[in-house]
Amino acid sequence: MSTYTKEEKTAYFKSLRQRWQEVKDSLTAGQIDEIQAIIKEHGWNISAYSYAFTRAMMRAKGLDGIPYLDCKTYNGWKDAGFTVKKGERSMIKGITWVGFGSKSEDPETAEKYSDGDGGVFPKEYHLFHRSQVEEII
């Protein structure tokens with residue numbers, strides 16, 4: 001297991017926040033409304049920004065489809081009756097936000113994941129595209 005310095009962790013989380021913000025800033029009100037309609041139609045519990053971030057990752061890799069329908073976590077595909085093909089590696093990353101207390105309330109967590117202030121930190125998770133899975137028979 002790799003050990004990272006505080007500076008490396010800080011740079012990593014700053015990079016995630018910057019990538020998230022770039023996607024967020026690129027959306028118009030109309031696009032957000034469109035995304036929210038898709039989310040509502042499918043009954044998902046995700047934000048429009050999470051959807052847009054994953055969609056941007058898919059497009060950057062030249063993958064088509066609808067985020068969270070055509071790309072899922074390993075367990076998401078398993079629950080849907082599919083398995084990831086042998087040798088496939090995640091091509092897409094999503095970001096979720098995890099909350100924690102202030103440094104005075106929870107010093108270990110704040111020290112581990114941020115610059116020491118309370119709040120939220122971004123956490124990446126790995127997704128597989130539908131082209132990387134096969135139905136379990």
*According to a 4.5 Å side-chain heavy-atom criterion applied to Ile, Leu, Val, Met, Phe, Trp and Tyr, with indirect links allowed, do Leu63 and Phe82 form part of one hydrophobic cluster?*
no

*Report whether Phe128 and Ile66 are members of the same hydrophobic cluster (ILVMFWY, side-chain heavy atoms less than 4.5 Å apart, transitive linking).*
no

*Within-4.5 Å side-chain heavy-atom neighbours: Ile35 and Arg55*: yes

*Within a strict 4.5 Å, meaning less than it, do heavy atoms of the Lys24 and Gln21 side chains meet?*
yes

*Under 3.5 Å, side chain of Ser15 to main-chain N/O of Ala11, donor-acceptor pair present?*
no

*Is there a donor-acceptor pair closer than 3.5 Å between any side-chain N or O of His42 and the backbone N or O of Trp44?*
no

Rounded to the nearest 0.5 Å, how far apart are [atom1] of [X] and [atom2] of [Y]?
| X | Y | atom1 | atom2 | answer |
| --- | --- | --- | --- | --- |
| Glu41 | Leu69 | CD | CG | 9.5 Å |
| Ile32 | Glu34 | CD1 | CD | 11.0 Å |
| His129 | Met58 | NE2 | CE | 4.5 Å |
| Ile95 | Arg19 | CD1 | CZ | 5.0 Å |
| Met91 | Cys71 | CE | SG | 9.5 Å |

_Restricting to non-hydrogen atoms, name the atom on Ala52 and the atom on Leu27 that form the minimum distance, rounded to 0.1 Å._
CB-CD1, 3.6 Å

*What pair of heavy atoms forms the shortest contact from Val120 to Arg17, and how long is it?*
O-NH2, 3.1 Å

*Pairs meeting criterion side-chain hydrogen bond (donor to acceptor under 3.5 Å, both in side chains) with involvement of residues 59-71, two or more places apart*: Thr54-Tyr68, Asp64-Arg130, Tyr68-Tyr125, Asp70-Arg130

*Does any pair with a residue in residues 74-92 pass side-chain hydrogen bond (donor to acceptor under 3.5 Å, both in side chains), and if so which ones, sequence neighbours excluded?*
Glu88-Gln132

*Hydrophobic side-chain clustering at under 4.5 Å (ILVMFWY, transitive links): who's grouped with Tyr4? Put none if nobody.*
none

_Positive for ring-ring contact (aromatic ring centres under 6.0 Å, His included) with Trp97, one of Tyr49, Phe53, Trp20_ = Trp20

